[in-house]
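Any value given below was found using the heavy atoms of this structure, including those in side chains, with hydrogens, waters and symmetry copies removed. Count residues from 1 along the sequence.
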Amino acid sequence: MKLKNKRLLSYFMIFGDFFMVMIGLILMLDGEMFILGLMMLGFLAVDIYLTFDYIKALLHREKVEKSLQADNERAQALRRQWNRMDDSAPLGAQQARFNQARQRPAPQSRPAPQSQPRPAWAEEEPDFSDILSDDNQNVNQTASR
């Protein structure tokens, strides 16, 4: 069923609910049927709320479908344009593109990580104990003078 028809039937259902609300009010005014009228009004209030929510969801769905239809039309136009560009390309270029695609190697798993060679400056780290001992000797020589 079309979304527009569902929406129209939902509005008709709300009209029927409002008519039944009047009957519920009449039952409430009657002393013996007060509880039945109150229950009927509660049920109809929930029904009216859910119907309005359903109508809102139908409107949203209609907007989404129109947007998707527009996106599909744009994609089809781009695809037609791309196909025209491929058709207008010289046969040699098409064949080269096909051969290139055929010759691509299959994806392979990544090789295991290998240790990276350390740079030369990293291997020649100064020996701090030598530096400290040189400083101590300088201090001792200065103190002995």
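- Between E62 and R7 a salt bridge is recorded (basic side-chain N to carboxylate O distance below 4.0 Å).
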With a cut-off of 3.5 Å and sequence neighbours excluded, list every side-chain donor-acceptor pair involving residues 63-75.
| from | atom 1 | to | atom 2 | distance (Å) |
| --- | --- | --- | --- | --- |
| E65 | OE2 | R61 | NE | 3.3 |
| D71 | OD1 | R74 | NH1 | 2.9 |
| D71 | OD1 | R74 | NH2 | 3.3 |
| N72 | ND2 | L68 | O | 3.4 |

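- Hydrophobic clustering places I23 together with L36 (ILVMFWY residues linked when any side-chain heavy atoms are closer than 4.5 Å, directly or through intermediates).
- Pairs passing the salt bridge (Lys or Arg N to Asp or Glu O under 4.0 Å) check and including a residue from residues 14-32, sequence neighbours excluded, do not occur.
- Counting side-chain heavy-atom gaps under 4.5 Å among Ile, Leu, Val, Met, Phe, Trp and Tyr, F12 is found in no cluster with other residues.
- A distance of 10.5 Å separates CD1 of I35 from CE of M28, quoted to the nearest 0.5 Å.
- Taking CG from L8 and CG from L58, the interatomic distance works out to 10.5 Å, rounded to the nearest 0.5 Å.
- Hydrophobic cluster membership of I26, counting Ile, Leu, Val, Met, Phe, Trp and Tyr whose side-chain heavy atoms lie under 4.5 Å apart directly or via other members: none, as it forms a cluster of its own.
- Remark: M1 engages N5, K6, L9 in a side-chain contact (heavy atoms from CB on, under 4.5 Å) (not counting sequence neighbours).
- A continuous path of hydrophobic side-chain contacts links F19 to V21 [ILVMFWY only; heavy atoms under 4.5 Å].
- The distance from the CG atom of L27 to the CE atom of M20 is 9.5 Å, given to the nearest 0.5 Å.
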Distance-only donor-acceptor hits, side chain of residues 38-57, under 3.5 Å, sequence neighbours excluded:
| from | atom 1 | to | atom 2 | distance (Å) |
| --- | --- | --- | --- | --- |
| T51 | OG1 | D47 | O | 2.7 |

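- Linking Ile, Leu, Val, Met, Phe, Trp and Tyr whenever their side-chain heavy atoms come within less than 4.5 Å puts L25 and F18 in one cluster.
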